[in-house]
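To start, the structure under review is shown below, and the notes come after it.
Numbering of ligands and ligand atoms starts at 1, following listing order.
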Amino acid sequence: MSIRSFVQRGRITSSQRKAIKKLWPYYGVELTSELDLNTLFGRSNNKHLEIGFGNGDALIAMAKSHPEYDYIGVDVYTPGVGKVLINIETSQLTNVKIMQADAVEILNNNLLSSCLDAVYIFFPDPWPKRCHHKRRLIQTNFINLLAKCIKSNGKLHLATDWEHYAQHMLSVLEASPKFINHTNGFSQRPLERPVTKFEKRGLRMGHGVWDLMYRRC
Ligand SMILES: C[S@@+](CC[C@H](N)C(=O)[O-])C[C@H]1O[C@@H](n2cnc3c(N)ncnc32)[C@H](O)[C@@H]1O
């Protein structure tokens with residue numbers, strides 16, 4: 001079995017459990033085979049993927065700001081899936097779908113080549129201990145998987161509040177011939193990136209925030 005970048009955590013509330021039962025058939029994606037995202041949403045437009053959406057703060061905010069794009073969120077975190085489904089329904093969003101699975105599996109098995117216009121990974125689990133660094137999501141193999149699924153000139157936006165992980169992300173991406181940095185090193189925080197739970201937590205702990213913006217070559 002490959003090394004996982006996540007652990008299953010968190011207690012689900014009864015409203016989240018009910019939301020999953022009621023709303024999953026409308027907004028959840030069953031992963032049976034390769035997915036045609038235009039067919040999934042019933043329209044041909046830009047498709048954006050957020051990996052590790054957590055409670056869905058950024059996913060919902062981005063989908064609200066850009067009704068002209070479609071958003072797919074992937075996470076393994078069941079309470080977050082419940083919460084995001086409630087917010088999709090409350091906000092009456094028709095441009096968001098949710099996948100509950102390991103992003104590595106989705107990129108490997110379910111997404112077609114060059115099907116994404118943008119990928120966002122905000123505040124991924126930092127795995128700060130040296131012995132856990134191998135569990136970090138951002139590694140060369142993972143970047144190659146992203147490169148397969150992102151269109152030419154498509155966007156990759158990462159953010160973290162852990163300086164050591166930020167430097168690691170930068171060195172992995174700078175070494176990749178598949179992505180180009182259009183801001184020369186770390187980027188200024190783009191105004192359009194919504195604030196998330198883990199960004200707020202990092203700021204409370206006195207951490208800085210590092211954004212990385214790349215384009216698929
Ligand atoms: C630290 S939380 C950040 C959540 C959110 N982006 C935020 O900023 O508040 C990281 C999230 O990534 C998810 N995650 C980690 N590895 C993953 C993977 N391989 N596939 C899908 N989700 C993953 C975790 O379940 C968790 O919800």
Side-chain angles (χ1 to χ4, degrees), residues 1-13 16 20 28-31 35 48-64 71-88 96-111 116 118-129 132-146 148-150 155-166 168-169 172 189-190 192-205 207-213:
M1 196 175 68
S2 60
I3 298 166
R4 286 183 162 167
S5 60
F6 57 87
V7 284
Q8 288 285 6
R9 57 165 107 78
R11 291 236 321 254
I12 187 161
T13 64
Q16 289 163 351
I20 292 174
V29 181
E30 294 303 335
L31 298 165
L35 289 164
H48 295 214
L49 175 73
E50 186 185 3
I51 295 175
F53 58 76
N55 280 340
D57 304 327
L59 188 65
I60 296 291
M62 292 189 295
K64 276 186 185 169
Y71 289 83
I72 306 112
V74 51
D75 205 309
V76 291
Y77 177 56
T78 305
V81 170
K83 188 161 183 193
V84 84
L85 288 173
I86 293 168
N87 287 334
I88 294 172
V96 189
K97 300 262 184 216
I98 300 301
M99 299 178 182
Q100 186 172 16
D102 183 342
V104 175
E105 304 285 327
I106 304 256
L107 293 164
N108 253 322
N109 304 325
N110 303 102
L111 294 179
L116 298 171
V119 172
Y120 307 100
I121 309 177
F122 298 147
F123 304 91
D125 295 293
W127 296 109
K129 290 184 187 163
H132 287 153
H133 285 178
K134 56 182 177 295
R135 300 191 69 160
R136 288 176 168 173
L137 195 55
I138 308 303
Q139 312 280 359
T140 302
N141 286 348
F142 184 73
I143 291 300
N144 287 337
L145 274 180
L146 289 176
K148 180 199 80 147
C149 295
I150 299 177
K155 191 165 83 171
L156 174 61
H157 182 179
L158 312 177
T160 180
D161 60 318
W162 288 81
E163 185 169 9
H164 186 276
Y165 198 6
H168 170 78
M169 290 174 174
V172 169
R189 183 192 202 290
E192 72 267 16
R193 179 169 63 70
V195 178
T196 67
K197 178 181 165 185
F198 275 82
E199 177 170 17
K200 285 186 205 148
R201 197 175 87 155
L203 293 173
R204 275 201 308 275
M205 290 162 71
H207 293 181
V209 174
W210 292 265
D211 282 87
L212 297 95
M213 309 274 283

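- Atoms of ligand 1 lying under 4.0 Å from at least one heavy atom of F53, given by number and element, are 5 (C).
- Residue-level proximity to ligand 1 for A101 is carried by the backbone, the only part with a heavy atom below 4.0 angstrom.
- The shortest N or O to N or O distance between A103 and ligand 1 is below 3.5 Å.
- Among D125, I121, V81, the residue whose heavy atom lies nearest to atom 15 (C) of ligand 1 is D125.
- Within ligand 1, counting atoms from 1 as listed, the ones closer than 4.0 Å to a heavy atom of D102 are 18 (C), 19 (N), 20 (N).
- Shown in contact with F6 at under 4.0 Å from a heavy atom are these atoms of ligand 1, numbered in order with element: 15 (C), 16 (N), 17 (C), 18 (C), 19 (N).
- Atoms of ligand 1 lying under 4.0 Å from at least one heavy atom of V76, given by number and element, are 22 (N), 25 (O).
- Here the side chains of D57 and P194 are not in contact, with every heavy-atom distance at 4.5 Å or above.
- In terms of protein heavy-atom proximity, atom 3 (C) of ligand 1 is closest to F123 O, 3.1 Å.
- In summary, the atoms of ligand 1 found under 4.0 Å from a heavy atom of K197, numbered by their order in the structure, are 9 (O).
- To the nearest 0.5 Å, atoms CD1 (I138) and NE2 (H133) are separated by 14.0 Å.
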Stepwise side chain to side chain contact (heavy atoms under 4.5 Å, CB included) check, I72 with L111: CA-CA 11 Å; I72 306 112; L111 294 179; 5.9 Å; no
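- Within ligand 1, counting atoms from 1 as listed, the ones closer than 4.0 Å to a heavy atom of G54 are 4 (C), 27 (O).
- At a 3.5 angstrom cut-off on N or O pairs, F122 counts as close to ligand 1.
- In terms of the ring pair (Phe, Tyr, Trp, His ring centres under 6.0 Å) criterion, residue partners of F122 (sequence neighbours excluded) are, by chain and number, Y120, H157.
- For D75 (side chain) and G54 (main-chain N/O), a donor-acceptor pair under 3.5 Å exists by modelled atom type.
- Here CH2 of W127 is found 10.5 Å from OH of Y165. Values are rounded to the nearest 0.5 Å.
- The closest donor-acceptor contact from the side chain of E105 to the backbone of D102 lies at 3.5 Å or more, if one exists at all.
- Within the model, atoms CG of N87 and CD1 of I60 stand 5.0 Å from one another, a figure rounded to the nearest 0.5 Å.
- Residue Y77 has no nitrogen or oxygen atom sitting less than 3.5 Å from a nitrogen or oxygen atom of ligand 1, judged on distance alone.
- The closest protein non-hydrogen atom to atom 12 (O) of ligand 1 is G52 CA, 3.3 Å.
- The shortest N/O to N/O separation between S5 and ligand 1 falls below 3.5 Å.
- At most 12 heavy atoms of other shown residues, nucleotides or ligands fall within 6.0 angstrom of atom CZ in R201.
- Residue P124 places no N or O, backbone or side chain, under 3.5 Å from any N or O of ligand 1.
- The nearest non-hydrogen atom to atom 26 (C) of ligand 1, considering only D75, N55, L59, T196, comes from D75.
- Applying the 6.0 Å contact sphere to NZ of K64 captures no more than 12 heavy atoms from other residues, nucleotides or ligands.
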